[in-house]
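Every number for a ligand or one of its atoms is a count from 1 in the order of the listing. For reference, positions follow the sequence shown, starting with 1. Computed over heavy atoms, backbone and side chain alike; hydrogens, waters and symmetry mates excluded. This one's a predicted model, so the numbers in the text were calculated from it and none came from an experiment.
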Amino acid sequence: MQILDGKALSKKIEEQVTADSKKLKQETGRVPGLAVILVGNDPASQAYVGMKKKACDRAHFYSVTHEMPEDISQDAIEKTIEMMNDNPNIDGILIQLPLPSQIDTTRLLELVAPNKDVDGFHPYNVGRLTTGLDGFVPCTPLGVMRLLEEYDIDVQGKNAVVVGASNIVGKPMASLLLNANATVEVTHIYTDDLKKHTLNADIVLVGAGVIDLITKDMVKKGAVIIDIGINRASNGKLVGDVDFENVAPKSSYITPVPGGVGPMTIAMLLSNTLKAAQSHA
Ligand code: NAD
């Protein structure tokens, strides 16, 4: 069994992004810029935005966070997005999700200029991903593919079972795997007998947000296990969706939580923002 070390790889990627960004500045005078919209006081959202800001600082990117109160109007957020769309110093716009219930999230995601959509959530980029065209790909599944690549884990012809079918994790994960010629099954909360599906998988990729959803009896020996979940256990520790202790010995490769997919997500955000800046230069 080998641990897929997302922490080490993300550091390597960050160093490359920082070097490429320096080169871009030397050649064009352009510094990659990221704008983040953060609404309300959700501690998890605040923590994620804090991590993204720190990563931008490490890579010498320009970044700005628009903090808005919980009761902000749709109109006010839309105006901010439009302003960022028009701001030449901003290459990437990120709306930290989830948003309060009075806000129409879909409308906001569709308002972000597709060439600044570094989260890859705009339907334009979703369409490009599903048709296998270049565009912005959501950071978490992109980070998973990069991690598999780094460890020479070829997904072509493999049975990949994705657990969780959200727009930001499961669905783009499935598209990327399909584009890489895996045989893909997508499972979710309504899937009958999850174990029947995961037992057949060469690669299990789980992002459901349920502690210990994947147990050792649900995976075949030698499977690759990618744990995308991030949950707070009752003892306060961060854990994934996989019963790591018991599943790890049965796997060929496995991601830890923390230190697996999480840091890769941040590294891919920097990488997407640099890509946007390069295209705007
Ligand atoms: P979500 O709630 O939008 O979607 C969860 C998905 O899991 C749904 O499709 C649901 O049907 C499925 N699901 C829920 N319970 C299930 C069960 N018992 N069996 C099978 N499927 C089940 O959540 P999300 O935003 O996609 O996030 C999923 C998890 O990934 C969360 O733990 C989140 O914190 C984590 N996450 C991690 C990163 C990262 O950087 N590592 C990034 C985004 C999300």
Student: Name every donor-acceptor pair, under 3.5 Å, that has one atom in a side chain of residues 132-145 and the other anywhere in the protein, sequence neighbours excluded.
Tutor:
{"residue": "Asp134", "atom": "OD1", "partner": "Lys275", "partner atom": "NZ", "Å": "2.8"}
{"residue": "Thr140", "atom": "OG1", "partner": "Thr265", "partner atom": "OG1", "Å": "3.1"}

Student: I'd like to check the side chain to side chain donor-acceptor pair (under 3.5 Å) partners of Lys250; sequence neighbours left out, ordered by chain and number.
Tutor: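 Side chain to side chain donor-acceptor pair (under 3.5 Å) list for Lys250, sorted by chain: empty.
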
Student: Does this structure show an ion pair linking Lys158 with Asp154, if we count only N-O contacts that are shorter than 4.0 Å?
Tutor: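 Salt bridge between Lys158 and Asp154, a charged N being under 4.0 Å from a carboxylate O: no.
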
Student: Under the side chain to side chain donor-acceptor pair (under 3.5 Å) rule, collect the residues that match up with Lys116, sequence neighbours excluded.
Tutor: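 Residues passing side chain to side chain donor-acceptor pair (under 3.5 Å) with Lys116: none at all.
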
Student: Quick one: does Asp202's side chain have a donor or acceptor within less than 3.5 Å of a partner on Ala223's backbone?
Tutor: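 Between the backbone of Ala223 and the side chain of Asp202 there is no qualifying donor-acceptor contact (under 3.5 Å).
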
Student: Thinking salt bridges, do Asp243 and Lys216 make one under a 4.0 Å N-O criterion?
Tutor: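 The answer is no: the pair does not qualify as a salt bridge.
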
Student: Anything with a heavy atom under 4.0 Å from ligand 1 counts, so go ahead and list those protein residues by chain and number.
Tutor: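 Contacts of ligand 1 under 4.0 Å: Thr140, Val163, Gly164, Ala165, Ser166, Ile168, Val169, His188, Ile189, Gly207, Ala208, Gly209, Val210, Leu213, Ile228, Gly229, Ile230, Asn231, Val261, Gly262, Thr265.
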
